[in-house]
Engineer: 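Just passing along the structure, written as structure tokens.
Just so we're clear, the structure is a prediction, and the values are computed from it rather than from any experiment. Sequential numbering from 1 along the given sequence is applied to the chain's residues. Each ligand, and each atom within it, is numbered from 1 in the order the structure gives.
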Amino acid sequence: MNENFNQLLSKNARNIDKFIAYGTAGFRDKAIELQHIMFRMGILATLRARVVKATIGVMITASHNPEEDNGLKLIDPKGEMLDPSWESICTYLANINDKELLDSINKLIEDKSIDMSVVAHVLIGRDTRSSSERLHKAVIDGIQAGDGRVNDFGLVTTPQVHYAVLCFNTNEEYGEPTEVGYYKKLSNAFIKLNGENGSQIVANNYIPSVVIDGANGIGAIKIKQMKQFLGNSLNIEVINDGNGVLNAFCGADFVKVQQRAPKDLQLEVGKRYLAFDGDADRIIYFYKNQIDGYFHMLDGDKIAVLIASYLKDLLSSVQISDIDLCIVQTAYANGSSTNYIENILKLPVHCVPTGVKHLHHRALQADIGVYFEANGHGTVTFSNKTVNRIKLCSHETSLKLLNFIDLVNQTVGDAISDMLVIESILRSKGQSIQDWDMLYTDLPNRNIKVTVKDRNVITTGDAERKVLTPIGLQDKIDAIVAKYGPNSRSFVRPSGTEDAVRIYAESTTQDNTDSLAKEVAKVVYDMAYGVGGL
Ligand code: G16
């Protein structure tokens with residue numbers, strides 16, 4: 001450790017006696033409670049970098065959570081989320097006393113036989129939260145305490161950090177590890193697919209204009225910077241671009257959970273809208289339907305179906321049919337989407353627990369894995385074998401496929417890349433958002449949350465579709481669901497990013513769905529506060 005370790009530690013001392021665990025996507029909490037965690041994770045990043053002998057990434061963000069929260073995501077060498085086997089180490093180091101810290105780190109170095117002479121290279125980025133600059137300094141202190149080398153990306157989206165980590169670790173084969181490199185890679189691929197003057201060319205029902213709700217976050221800043229690289233290929237208007245409060249009544253999470261347009265936005269028929277979340281790793285599309293005049297939303301499920309059906313068609317036109325193309329979802333996937341994938345698209349679909357780390361891992365097992373959470377977090381992975389097969393293919397469509405692959409940020413869900421992918425597909429199909437929406441009709445659904453004393457009393461199994469503990473809770477949920485008849489379901493799970501238990505319900509009408517969600521929420525509440533005998 002660095003000779004100034006104690007000095008850096010005292011700058012970032014632990015003043016809060018509260019247990020905090022590595023959750024769905026790293027640490028999340030009120031920003032004022034995170035200083036010591038950031039410092040310790042900076043040290044941990046240097047150790048991880050030495051173990052894997054590669055560049056590691058750190059992103060300071062609480063993504064979709066409110067402005068006053070913050071958090072940290074750790075990124076492994078291939079640009080994927082931190083290896084789950086290190087999550088318990090993170091939680092341990094985050095919760096010990098300052099006095100135990102150095103000994104614990106030395107023990108970890110010994111146990112894992114970490115070669116401290118290896119250069120530890122850590123790439124770091126942060127979002128626009130007012131607390132992010134201070135917390136980013138704490139991470140840098142940690143990297144310095146661990147004698148690591150910092151590569152500071154400053155204000156960036158989460159997916160830009162994931163992208164850059166992979167670029168560094170592939171000797172730039174994946175792309176140039178800079179923000180400009182990111183913009184150029186995606187823009188070049190988009191322009192190849194859509195034409196330099198794509199913004200002037202209407203393709204059947206496809207109109208080349210989008211309105212982006214930037215959630216008042218980093219995504220708004222970055223898409224504006226990217227416009228100069230996209231040139232004339234797409235018309236982009238950005239709203240909620242930083243003048244308001246981050247994620248407040250806007251952004252992908254608001255639109256998805258509330259099932260309505262961002263506040264103060266008057267939807268116009270014929271326009272295509274989309275929302276990013278606070279760190280631009282999620283995307284949700286929406287519009288005002290010409291026929292019924294209502295708000296309609298196209299979430300991660302509909303995005304996955306659009307992408308998978310497009311890839312299936314392209315693969316068939318280049319005559320590569322013996323490919324394992326699958327879709328990965330979570331329990332939140334709308335029943336209509338799963339039904340469509342299995343029975344109309346006839347593709348295999350896998351259900352895994354919440355968290356892109358789980359979806360990404362399952363997708364990598366396939367030749368092509370399309371993964372999306374219903375909340376709009378997802379991407380596509382292509383195995384090297386598949387890319388090589390496409391490269392060897394002489395059919396002219398293979399070039400289109402290769403450009404498409406270049407447009408995808410394969411490391412993680414990326415709202416900017418996903419938007420360009422979706423726009424390219426809609427143009428290629430000559431479809432409006434309404435045409436896309438007609439693929440299938442979502443079952444009415446509702447997401448709500450209940451604040452409880454200790455969310456971790458609930459444990460789940462079967463990819464979070466069943467409660468394991470407390471014993472008896474699942475029976476109560478089953479009995480409630482049974483009252484609502486076929487095509488009804490509900491599940492509950494502890495959030496990994498907020499102090500809450502999430503409740504999901506789906507049924508045949510919105511009234512039934514809302515009532516089902518409320519009934520299940522009540523048994524969760526009663527369980528948490530000792531009512532009802534659980
Ligand atoms: C994170 C994860 C997502 C997850 C979401 C909600 O998103 O990356 O995979 O779906 O949290 O998780 P939970 O329901 O456990 O709170 P983000 O966009 O906030 O980083």
Engineer: Under a 4.0 angstrom heavy-atom cut-off, which atoms of ligand 1 come close to Arg28?
Structural biologist: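 In order of number, 17 (P), 19 (O), 20 (O).
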Engineer: I need the atoms of ligand 1 closer than 4.0 Å to a non-hydrogen atom of Lys73, numbered in the order shown.
Structural biologist: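 Listed by number with element: 20 (O).
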Engineer: Show me which atoms of ligand 1 lie under 4.0 Å from any heavy atom of Gly496.
Structural biologist: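 Those qualifying, in numeric order: 13 (P), 15 (O), 16 (O).
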Engineer: Is it true that the side chains of Ser417 and Asn409 contain a donor and an acceptor less than 3.5 Å apart?
Structural biologist: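 No, because no side-chain N or O of Ser417 sits under 3.5 Å from a partner of the opposite role on Asn409.
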Engineer: What atoms in ligand 1 come closer than 4.0 Å to a heavy atom of Asn375?
Structural biologist: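 Listed by number with element, the hits are 4 (C), 10 (O).
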Engineer: Within 45 degrees of the ring normal and closer than 6.0 Å to the centroid, is that where the cationic atom of Lys256 sits relative to Phe286?
Structural biologist: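 Relative to the ring axis of Phe286, which defines the angle, Lys256 lies outside at least one limit.
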Engineer: Considering only heavy atoms of Arg502, which atoms of ligand 1 have at least one such atom less than 4.0 Å away?
Structural biologist: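 This gives 13 (P), 14 (O), 16 (O) as the contact atoms.
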Engineer: Provide the number and element of each atom of ligand 1 under 4.0 Å from a heavy atom of Asp281.
Structural biologist: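 That gives atoms 18 (O), 20 (O) of ligand 1.
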Engineer: Any donor-acceptor pair under 3.5 Å linking the side-chain atoms of Tyr484 with those of Glu519?
Structural biologist: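 Looking only at side-chain atoms, Tyr484 and Glu519 do form a donor-acceptor pair, the distance falling under 3.5 Å.
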Engineer: Are more than 12 heavy atoms from other residues, nucleotides or ligands located less than 6.0 Å from atom NZ of Lys30?
Structural biologist: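 It does: Lys30 NZ has more than 12 such atoms within range.
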Engineer: Mark yes when over 12 heavy atoms from residues, nucleotides or ligands other than Phe249 sit less than 6.0 Å from its CZ; otherwise mark no.
Structural biologist: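 No.
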Engineer: Taking heavy atoms and a distance under 4.0 Å, where does Asp277 meet ligand 1: side chain, backbone, both or neither?
Structural biologist: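 The side chain, only.
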Engineer: Say whether Glu506 and Ser490, considering side chains only, have a donor N or O and an acceptor N or O under 3.5 Å apart.
Structural biologist: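 Distance-only check fails for Glu506 and Ser490.
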Engineer: What atoms in ligand 1 come closer than 4.0 Å to a heavy atom of Gly355?
Structural biologist: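 Listed by number with element, the hits are 9 (O).
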Engineer: Could you check atom 19 (O) of ligand 1 against the protein and tell me its nearest heavy-atom contact, residue, atom and distance included?
Structural biologist: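 Answer, as residue, atom name and distance: His64 ND1, 2.4 Å.
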Engineer: Does any N/O atom on Glu498 come nearer than 3.5 Å to any N/O atom on ligand 1?
Structural biologist: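 Between Glu498 and ligand 1 (N or O atoms, distance only) the closest approach is not under 3.5 Å.
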Engineer: Distance to 0.1 Å, residue and atom name: give those for the protein heavy atom nearest to atom 16 (O) of ligand 1.
Structural biologist: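 Here the closest protein heavy atom is Thr497 OG1, 2.4 Å.
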Engineer: Please check: side-chain N/O of Asp277 versus main-chain N/O of Ala280, any donor-acceptor pairing under 3.5 Å?
Structural biologist: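 At least one qualifying donor-acceptor pair exists.
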Engineer: So which heavy atom in the protein is nearest atom 8 (O) of ligand 1, and how far is it from that ligand atom?
Structural biologist: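 Nearest protein contact, heavy atoms only, for atom 8 (O) of ligand 1 is His377 CE1, 3.2 Å.
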Engineer: So, Ser383 versus Thr386: side-chain donor-acceptor pair below 3.5 Å or not?
Structural biologist: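 Short answer, yes.
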Engineer: Apply the side-chain contact (heavy atoms from CB on, under 4.5 Å) test between Thr381 and each candidate in His361, His360, Glu80; give the one that qualifies.
Structural biologist: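 Among His361, His360, Glu80, the one that satisfies the side-chain contact (heavy atoms from CB on, under 4.5 Å) with Thr381 is His360.
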Engineer: Check this for me - ligand 1, Ala62, N or O atoms closer than 3.5 angstrom, yes or no?
Structural biologist: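 No, since none of the N or O atoms of Ala62 sits under 3.5 Å from an N or O of ligand 1.
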Engineer: Test of understanding: given a 4.0 Å heavy-atom threshold, classify the contact between His360 and ligand 1 as side chain, backbone, both, or neither.
Structural biologist: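 Near ligand 1, His360 shows nothing, with every heavy atom at 4.0 Å or more.
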Engineer: May I ask you to check whether Ser488 and Ser507 show a side-chain donor-acceptor distance below 3.5 Å?
Structural biologist: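 Yes, side-chain donor-acceptor contact under 3.5 Å.
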Engineer: For atom 18 (O) of ligand 1, grab the closest protein heavy atom and report residue, atom and distance to one decimal in Å.
Structural biologist: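 Atom 18 (O) of ligand 1 sits closest to the protein heavy atom Ser63 OG, 2.7 Å.
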Engineer: Nearest heavy atom to atom 6 (C) of ligand 1: which of Arg282, Arg493, Glu373 does it belong to?
Structural biologist: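 Answer by nearest heavy atom: Arg282.
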Engineer: Can you check whether Asp499's main-chain N or O pairs, donor with acceptor, with Ser495's side chain at less than 3.5 Å?
Structural biologist: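 No, Ser495 side chain to Asp499 backbone: no donor-acceptor pair under 3.5 Å.
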Engineer: Could you tell me, atom by atom, which parts of ligand 1 come under 4.0 Å of a heavy atom of Thr354?
Structural biologist: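 Heavy-atom distances to Thr354 below 4.0 Å select 4 (C), 10 (O).
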Engineer: How does Ser495 reach ligand 1, by side chain, by backbone, by both or by neither, if only non-hydrogen atoms under 4.0 Å count?
Structural biologist: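 Answer for Ser495: both.
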